[in-house]
Amino acid sequence: MPTRNTVQKRLISEQLNALGNHPTVDEVYEAVRKRRPTISKATVYRVLRGMADTGDALCVPIVNGAERFDHRTDPHFHVVCEVCGHVEDVEESAFSGIDWDAVQGMNGYTITGHELQLRGVCPACAAQADARSNKAETADSPNSGYNG
């Protein structure tokens, strides 16, 4: 059954593409609401889920976080910051050495698809942690209060 291309769907799709940062439903909703104040969050959620179901967007489930949506539907992976939840794309070519035939042979499954989500600490959060660590080390220094 073909999906309707409503004004709301077009606007939500445009905002998903414009945001381009793996936004949550709330973030898309806030962006769309600036242009169409009467739209409901339920409509935004329903349209985004529908886009994911039809392959027009990707739903990126985040462990212990709100699911996010991706305008990119080409094969790629994601890395998620464990501190702030920021999501970045990782090109599939970074994992080109995986022997899918060998993986399939290990357990007898017919592999029909794959998803990979890496976790780590983004550069911004790492820099903040380093700054806090350096500040704490300076405060603990035996000469930290010495003016002489």
Can you tell me how far [atom2] of [Y] sits from [atom1] of [X], rounded to the nearest 0.5 angstrom?
{"X": "Ile111", "Y": "Gln104", "atom1": "CD1", "atom2": "CD", "value": "5.5 Å"}
{"X": "Asp99", "Y": "Ser96", "atom1": "CG", "atom2": "OG", "value": "12.0 Å"}
{"X": "Arg46", "Y": "Lys9", "atom1": "CZ", "atom2": "NZ", "value": "12.5 Å"}
{"X": "Cys81", "Y": "Glu88", "atom1": "SG", "atom2": "CD", "value": "10.0 Å"}
{"X": "Cys59", "Y": "Arg49", "atom1": "SG", "atom2": "CZ", "value": "4.5 Å"}

Any non-hydrogen side-chain atom of [X] less than 4.5 Å from a side-chain atom of [Y]?
{"X": "Gln15", "Y": "Glu27", "result": "no"}
{"X": "Gln117", "Y": "Val79", "result": "no"}
{"X": "Val25", "Y": "Phe69", "result": "yes"}
{"X": "His114", "Y": "Glu92", "result": "yes"}
{"X": "Met51", "Y": "Ser13", "result": "yes"}
{"X": "Pro23", "Y": "Arg68", "result": "no"}
{"X": "His78", "Y": "Val90", "result": "no"}
{"X": "His86", "Y": "His22", "result": "no"}

Whether Phe95 and Phe77 hold their rings parallel, tilted or perpendicular, with breakpoints at 30° and 60°:
perpendicular
Between [X] and [Y], is there a donor-acceptor pair closer than 3.5 Å when you use the side chain of the first and the backbone of the second?
{"X": "Glu91", "Y": "Pro75", "result": "no"}
{"X": "Glu67", "Y": "Val60", "result": "no"}
{"X": "Thr54", "Y": "Gly50", "result": "yes"}

Which heavy atom of Gly85 sits nearest to which heavy atom of Val80, and what is that distance?
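Closest approach of Gly85 to Val80, heavy atoms only: O-CG1, 4.2 Å.
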Please give me the minimum heavy-atom distance between Leu58 and Ala52, naming the atom from each residue.
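Shortest heavy-atom separation between Leu58 and Ala52 comes out as C-CB, 4.5 Å.
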Less than 4.0 angstrom from a charged side-chain N to a carboxylate O is my criterion; do Asp70 and Arg72 meet it?
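No salt bridge links Asp70 with Arg72.
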Between the side chains of Thr43 and Ser40, does any donor sit under 3.5 Å from an acceptor?
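The answer is yes; a qualifying pair exists.
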Quick one about Asp56 and His71 (side-chain donor to acceptor, distance below 3.5 Å, no hydrogens or angles considered), yes or no?
no
ILVMFWY network linking Tyr45 to Ile62, side-chain heavy atoms under 4.5 angstrom:
no
Linked, directly or transitively: Trp100 and Leu116 (ILVMFWY side chains, under 4.5 Å)
yes
side-chain contact (heavy atoms from CB on, under 4.5 Å) evaluation trace for Glu14 with Leu11
CA-CA 5 Å; Glu14 287 171 5; Leu11 182 57; 4.0 Å; yes
Which is it for Ile39 and Ile12 under the side-chain contact (heavy atoms from CB on, under 4.5 Å) test, yes or no, and what are the steps along the way?
CA-CA 10 Å; Ile39 198 163; Ile12 291 165; 4.0 Å; yes
